[in-house]
Amino acid sequence: MPKSVIITCATTGGVHTPTMSEYLPITPQEIADSSIEAANAGASIIHLHARNPENGKPDPRPELFQDFMGQIHRQSDAVLNVSTGGGLGMTREERLRAALAVSPEMASLNVGSMNFGIFPMKAKYSNWKHDWEPAFLDSTRDFIFRNTFADIEYIVKELGEGHGTRFEFECYDLGHLYNLAWVIDQGWVKPPFLIQIVFGVLGGVGADLDNLMHMHTVAQKLFGKDYEWSVLAAGKNQMSFATQAAMLGGNVRVGLEDSLFIGAGEKAKSNAEQVLRIRSIVENLGLKVATPEEARARLGLKGRDKITL
Ligand code: KMH
Ligand code: ZN
């Protein structure tokens, strides 16, 4: 009997900017509504970032997270997963503020430093809604997404040991799997692990099916039975890579953080639209979609009553 497929939905992120899509949720109310709709559509995990309600810039303030997380928590039983990647350029302390304040069941943990180039998107847009957007995109020409071993140790100790939060380990390249294996060897984190293999970020591994197969093979060797794996691909490869992961027995992540589209040149009108699309693919493959309770059991989460909202 194949395992059910855990769908994570990353509803806004800190990469896309307001000019790129009118459907990107920005305010706490928009993020709450869009996340609840995605949960109702079949996402059992909601991966969350916050934005400044006035200008849409990625924003680390815990009160923004508390606002939308409180609403999602009251209106769905989805697992709430707080980003510690934050917005490109935030300090380590800023990136951790919200998660430390709400003590979530899950948080992301990026397990390697890398280039993270989103500057090529700048050429596709004009008539910016906000002045900060083109400068923000441009700044990533000379930007290192910092996730050193010291950063990783700080996060697993403060948040993992301190709050019982479990991690969505974001692996953007082969070496990140080995970084994670080393972290596990230190005894800092315990199984089961959720490994999110990320394709198509400029600076990480490319969205090539051979890479997916190889990273899955290596993850299997390094983590054996101790892990669940999931795939996200940025941009146009989002649905095909999620489909491939489901076919290989993995889990999937979709959402407007990772792609603003639902088809070639066609913008997704909501996060739920992407969730419903992958859900229908998964079900047409003869697989079931995991409920939040199934996700909690498989990932060993502490429970929705143990978060501070
Ligand atoms: N933006 C994604 C490619 C995080 O929030 O920690 C990866 C991500 C990072 O979700
Ligand atoms: Zn994220």
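What you see is a predicted model; the values in this text were computed from it and never measured.
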Between [X] and [Y], does any side-chain N to carboxylate O distance fall below 4.0 Å?
{"X": "E94", "Y": "R97", "answer": "no"}
{"X": "R253", "Y": "E170", "answer": "yes"}
{"X": "R279", "Y": "E283", "answer": "yes"}
{"X": "R298", "Y": "E294", "answer": "no"}

Taking the side chain from R166 and the backbone from P191, do they hold a donor-acceptor pair closer than 3.5 Å?
-> yes

Can any side-chain N or O of K267 pair as donor or acceptor with the backbone N or O of E22 at less than 3.5 Å?
-> no

Test T12 against every option in R51, E30, H47 by the side-chain hydrogen bond (donor to acceptor under 3.5 Å, both in side chains) rule and name the one that passes.
-> R51

Indicate whether the side chain of N271 and that of S34 have a donor and an acceptor atom separated by less than 3.5 Å.
-> yes

With no hydrogens and no angle check, do the side chains of E168 and S108 hold a donor and an acceptor under 3.5 Å apart?
-> no

On the 0 to 90° scale, with breaks at 30° and 60°, tag the W132-F136 ring pair as parallel, tilted or perpendicular.
-> perpendicular

Quick one: closest heavy-atom pair of L64 and P28, and the distance?
-> CD2-CG, 3.9 Å

Considering the options R146, K157, R95, which one meets the salt bridge (charged side-chain N to carboxylate O under 4.0 Å, His left out) requirement together with D151?
-> R146

Pair F149 and W182, ring centroids less than 6.0 Å apart | yes

